[in-house]
*Asks:* 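Okay, here's the structure, questions in a sec.
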Amino acid sequence: MGRYVVRRLLQMIPVFIGATLLIFLMVNVMGDPIAGLCGDRSCDPATAAQLKKEFGLDKPVWQQYLTYMGNVFTGDFGTAFNGQPVTELMASAFPVTIRLTIVAILFEIVIGITLGVVTGLRRGRPVDTGVLLATLVVISVPTFVTGLILQLLLGVEWGWIKPSVSTDATFGELIVPGLVLASVSLAYVTRLTRTSIAENKRSDYVRTAVAKGLPRRRVITRHLLRNSLIPVVTFIGTDIGALMGGAIVTERIFNIHGVGFQLYQGILRQNTQTVVGFVTVLVLVFLVANLLVDLLYAVLDPRIRYA
Amino acid sequence: MRGATHAKWAAAAAAVALAATACGGGDSGGGDTSAVLSSSWGDPQNPLEPANTNEVQGGKVLDMLFRSLKRYDPESGKAEDMLAEKIDTTDSQNFTITVKDGWTFSNGEKVTAKSFVDAWNYGASLKNNQKNAYFFSYIDGYDETHPEDGSAQSADTLSGLKVVDDQTFTVKLNQKFSTFPDTLGYVAYAPLPQSFFTDHAGWLKKPIGNGPYTIDSYAKGSQMSLKKWDGYPGEDKAQNGGVTLKVYTDNNTAYTDLLAGNLDLVDDVPAAQLKNVKNDLGDRYLNTPAGIIQTLAFPYYDKNWSKAGAEKVRTGLSRAIDRKQITETIFQNTRTPATDWTSPVLGEEGGFKEGLCGDACDYDPAAAKQLIEEGGGLPGGQVKITYNADTGSHKQWVDAVCNSINNALGNDKACVGNPVGTFADFRNQIGDKKMSGPFRAGWQMDYPLIQNFLQPLYYTNASSNDGKWSNEDFDQLVDEANAETDTAKAVETFQKAEEVVRDNMAAIPLWYQNGSAGYAERLSNVKLNPFSVPVYNEIKVG
């Protein structure tokens, strides 16, 4: 187990370097970001040159990358164009997005798995068909449509919520945006759980458990569900990173100032420092989440061992 | 319009609820001077320093925080004395400026001649990276503090600025510029307190100025609360208790918040909502002219556009654009077809001349076709209009303009749009002289002067002459106008220069842009100034 973890951690290093390098190059090929800083007029050449020097944009890209990575390891993610250190932007953005992600993941786990178990056990019955149809609708409607409709109905027409989230972005305010963000994944979780449960329902160990005379509740939670959760946990694990990075649409609709907002702003302003900094952290989140998922397998299914 | 009535009802209910809580003890007649209103905002692109702020969002805050020597009247746009006691000159080149006594910054420090001179020196100095540094380029000694070629600066201060005594300083310009005093209302010329220089980082966290508002708290990227400064010595005191500026990433959300009663003022009604806005808000929707003109510029570094006869092609293109139809259908009348190269906010006295463009801006497909043929046809048989696709719904109108040109010429390939992903990349390609055909050029005035609509855009090698147009007659007329001490005559000469622009069709004027805003029922006396920014200090709540 220990060796497995170490090996996985070592594998992260090339992935991390490759991912950041790719992002760095992608932002760089978009051209000179200073050009967009002066509005509908060109910056005077002297000031532009000075700004380039300050942001290190006058050096070749490989050198910029090396300097950048060097700084990252000391915890310095550079400065955004508005003069704020990127770490400060992160400190304000990540907690908000993490809260939003937690709300979304909770929805996925609670609603998604419950519905999955219910439908998996009652395959072909009206409940099953109904939920399947509902998930199909949720999957086929784009997030921004769901978001805007909920915002309009709950926020403006019925006045149950405020259409936008305040600066504090408390858990309570994030329930509706979290549901919107989770909606598509939630449908997938339901379907994954349903298939997995339906498949394992007929497996030997379930039959054994039933034959032993274990109560139905115990059979389902301890034996059936635990083994059926492996594909679901894999999905939810990778979804953590996807939700954090992909919250751009939801955050825009509900005016949440999280990671999506900063990334969007950074891309529009072609701000290498912001974009690369945030993506770097997101890459780390992805990698760690994946590792945790892999380690969880052994907990769920004792047959899985790590050498 | 079921949705609209519901929205209205919700907004009204919310407004009542808000009024009930906020205006508990306030008198209802003149508005509650202690009530705070909330307004939409965008994240400023640059640090909030007067000489470093060149976009509307940052400018909005600085306009609340600072008062300068002059101020542009929110209605007429005329430059009027604010902190300036008097500005004297005999030759349009040397100015003696007297600062009014009795003004202080909100931290108690006196506003003196030195506050201005220090601020201007800071703005001009290359080492401070101020993006509005070019505003000081008319002042003597600018080349030493801000060498154009980026070589080491030989001076930290402008030799043209001298402090005479506490309230007086002199300015020597490097050329005659009769309307120079009228430019001094621009935010780049604001005075700065000593703490700006001694504790710069601290100042940036919470800027201190001398205007009607002070900053209560500032959470960068999300919200700024400004409160009324009770000790403000000016006439234009805040009529409300303060303003909370909330950053919105999407103006649609801001608009939704306004309808739900969660926000009091939106100063940018999203294009998608223009159809409903009258039903939703009634007369609480403002749509007033602003000092912004949209044009199509041409790359004169490209032989195709600078050769003899090309002016006929350009004029032909201008005549092929149905401005009226596009402003009505795409912009819902938030744009007005342009008939000159300035803006209606200047007023006739200030140099706006309706119809100066004449026939050249009239839609006439037959004449357009003929002119383009006479001029040798479209270069390469096709024009590509380059624009940035990331903001401002530029795609819609570029497509419409192309449609109009294609219809006029009876050729559905005569004009196509050429989108560029981001604004930065668009500016990049312009800077690298990569344009092969007409491109989008928007101009928002810095100050309401006809000079500002012509010189930076069309003078040889001027700061925003992106097409690199050059014409001796035009340059000469501008020089003459700047040297003219009589304002009326100066304006007249500028208009002559504008006629040169017309005769060559240096850029195709498209339309004047309006500012738009919507507000909640509990607000009154809301208006937009010529820069399309709400006049916050005059807004009454309750």
Side-chain angles (χ1 to χ4, degrees), chain A residues 30-51 53-54 80-84 88-89 92-93 96 148 151-152 154-159 161-169 248 251-257 260-262 264-265 267-271, chain B residues 3 6-7 10-11 13-14 43-47 54-55 126-127 129-131 133-134 137 146-150 204 219-223 246-250 252-254 256-257 259-263 390-391 421-432 441-444 456 463-464 466:
Chain A
M30 285 160 80
D32 173 17
I34 301 296
L37 276 187
C38 293
D40 264 319
R41 68 168 84 223
S42 35
C43 295
D44 76 279
T47 310
Q50 181 91 356
L51 283 168
K53 209 162 141 193
E54 196 178 288
F81 287 151
N82 68 356
Q84 250 181 309
E88 214 173 272
L89 296 179
S92 69
V96 175
L148 285 172
Q151 182 186 43
L152 203 67
L154 302 179
V156 182
E157 295 280 305
W158 301 334
I161 59 161
K162 285 183 177 177
S164 71
V165 169
S166 74
T167 332
D168 304 331
I248 294 185
E251 291 193 355
R252 215 173 135 76
I253 293 172
F254 293 97
N255 199 38
I256 301 167
H257 298 281
F261 164 64
Q262 295 294 353
Y264 179 76
Q265 198 91 293
I267 290 168
L268 271 193
R269 292 178 182 172
Q270 249 171 283
N271 197 334
Chain B
H6 272 253
D43 192 23
Q45 194 172 14
N46 303 307
N54 55 4
E55 36 77 55
L126 175 59
K127 65 170 186 231
N129 293 339
Q130 302 287 293
K131 291 174 195 82
Y134 63 90
S137 61
H146 200 110
E148 200 61 22
D149 55 359
L204 282 182
K220 274 189 187 163
S222 50
Q223 188 168 310
K246 292 182 183 173
V247 172
Y248 281 89
T249 44
D250 189 339
N252 279 298
T253 313
T256 312
D257 254 356
L259 292 185
N262 201 17
L263 187 73
D390 55 350
T391 49
T422 62
F423 179 68
D425 197 20
F426 176 65
R427 288 301 320 174
N428 241 331
Q429 296 190 15
I430 290 174
D432 294 346
W443 181 253
Q444 166 140 32
S463 59
S464 287
D466 290 330

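Sequence lines set the chain letters: A, B, ... in the order given, protein chains first and strands last, and positions in each chain run from 1.
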*Asks:* Quick one: which of G221(B), A441(B), G431(B) has the most heavy-atom pairs under 4.5 Å with chain A, could you say?
*Replies:*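 If we count pairs closer than 4.5 Å to chain A, G221(B) comes out on top.
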
*Asks:* Evaluate the side-chain proximity of H146(B) to T47(A): yes if any heavy-atom separation is below 4.5 Å, no if none is.
*Replies:*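 Yes; the side chains approach each other to less than 4.5 Å.
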
*Asks:* Working to the nearest 0.5 angstrom, can you tell me the gap between I256(A) CD1 and S222(B) OG?
*Replies:*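 Result: 13.0 Å between the selected atoms.
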
*Asks:* Could you tell me which portion of I267(A) (side chain, backbone, both or neither) has an atom closer than 4.5 angstrom to a non-hydrogen atom of chain B?
*Replies:*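 Just the backbone, heavy atoms under 4.5 Å.
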
*Asks:* Run the numbers on D425(B) and Q270(A) for side-chain hydrogen bond (donor to acceptor under 3.5 Å, both in side chains), then give the verdict.
*Replies:* CA-CA 8 Å; D425(B) 197 20; Q270(A) 249 171 283; 5.4 Å; no

*Asks:* Looking only at side-chain N and O atoms, does N82(A) offer a donor or acceptor that is under 3.5 Å from a partner on Q45(B)?
*Replies:*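 Note: Q45(B) and N82(A) side chains miss the donor-acceptor criterion.
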
*Asks:* Would you mind checking which part of Q262(A) comes under 4.5 Å of any heavy atom in chain B, side chain (CB onward), backbone (N, CA, C, O), both or neither?
*Replies:*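 Interface part for Q262(A): neither.
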
*Asks:* Side chain to side chain contact (heavy atoms under 4.5 Å, CB included) for N252(B) and R252(A)? Distances and angles first, verdict last.
*Replies:* CA-CA 10 Å; N252(B) 279 298; R252(A) 215 173 135 76; over 6 Å; no

*Asks:* Mind checking ring-ring contact (aromatic ring centres under 6.0 Å, His included) for F261(A) and listing every partner two or more places apart, or none if nothing turns up?
*Replies:*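 F261(A) satisfies ring-ring contact (aromatic ring centres under 6.0 Å, His included) with H257(A) once adjacent residues are dropped.
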
*Asks:* Using non-hydrogen atoms and a 4.5 Å limit, figure out which bit of D432(B) sits close to chain A: side chain, backbone, both or neither.
*Replies:*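 Neither part; nothing is under 4.5 Å.
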
*Asks:* Kindly give the heavy-atom pair with the smallest separation between P147(B) and A46(A), and that separation in Å.
*Replies:*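 In terms of heavy atoms, the two residues are closest at O-CB, 3.3 Å.
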
*Asks:* Heavy atoms only, distances under 4.5 angstrom: which of N46(B), D250(B), N129(B) has the most pairs with chain A? Name it, please.
*Replies:*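 With the most close heavy-atom pairs to chain A, the winner is N129(B).
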
*Asks:* Count the heavy-atom pairs under 4.5 Å between each of K162(A), E88(A), Q265(A), E251(A) and chain B, then report the option with the highest count.
*Replies:*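 If we count pairs closer than 4.5 Å to chain B, K162(A) comes out on top.
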
*Asks:* Taking atom types as modelled, is there a side-chain donor on S164(A) or D257(B) under 3.5 Å from an acceptor on the other?
*Replies:*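 Result is yes, a qualifying pair exists.
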
*Asks:* Run the side chain to side chain contact (heavy atoms under 4.5 Å, CB included) check on D43(B) and R269(A) step by step: do they pass?
*Replies:* CA-CA 12 Å; D43(B) 192 23; R269(A) 292 178 182 172; 4.1 Å; yes

*Asks:* Relative to chain A, which segment of E55(B) carries a heavy atom at a distance below 4.5 Å: side chain, backbone, both, or neither?
*Replies:*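 It is neither, since no heavy atom gets under 4.5 Å.
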
*Asks:* Heavy-atom distance under 4.5 Å to chain A: side chain of T422(B), backbone, both or neither?
*Replies:*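 For T422(B), the contact with chain A is made by the side chain alone.
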
*Asks:* Drop me the distance from K131(B)'s NZ to I34(A)'s CD1, to the nearest 0.5 angstrom.
*Replies:*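 Nearest 0.5 Å value for the NZ-CD1 distance: 7.5 Å.
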
*Asks:* I'd like to check the ring-ring contact (aromatic ring centres under 6.0 Å, His included) partners of F81(A); sequence neighbours left out, ordered by chain and number.
*Replies:*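 ring-ring contact (aromatic ring centres under 6.0 Å, His included) list for F81(A), sorted by chain: F55(A).
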
*Asks:* With a 4.5 angstrom heavy-atom cut-off, which part of P44(B) approaches chain A: side chain, backbone, both or neither?
*Replies:*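 Answer is backbone: N, CA, C or O of P44(B) sit under 4.5 Å from chain A.
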
*Asks:* Do side-chain atoms of N255(A) reach the backbone of T249(B) as a donor and acceptor pair under 3.5 angstrom?
*Replies:*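 Flag set: sc N255(A) to bb T249(B) pair under 3.5 Å.
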
*Asks:* For N54(B), is it the side chain, the backbone, both or neither that has a heavy atom under 4.5 Å from a heavy atom of chain A?
*Replies:*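 For N54(B), the contact with chain A is made by the side chain alone.
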
*Asks:* Which bit of I253(A) comes within less than 4.5 Å of chain B, counting heavy atoms only: side chain, backbone, both or neither?
*Replies:*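 Contact with chain B: backbone only.
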
*Asks:* Do you know which of G83(A), P163(A), G159(A) has the most heavy-atom pairs under 4.5 Å to chain B?
*Replies:*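 Most heavy-atom pairs within the cutoff with chain B belong to P163(A).
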
*Asks:* Quick check on Q444(B) against chain A: is it the side chain, the backbone, both or neither that has a heavy atom closer than 4.5 Å?
*Replies:*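 Q444(B) has no heavy atom closer than 4.5 Å to chain A.
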
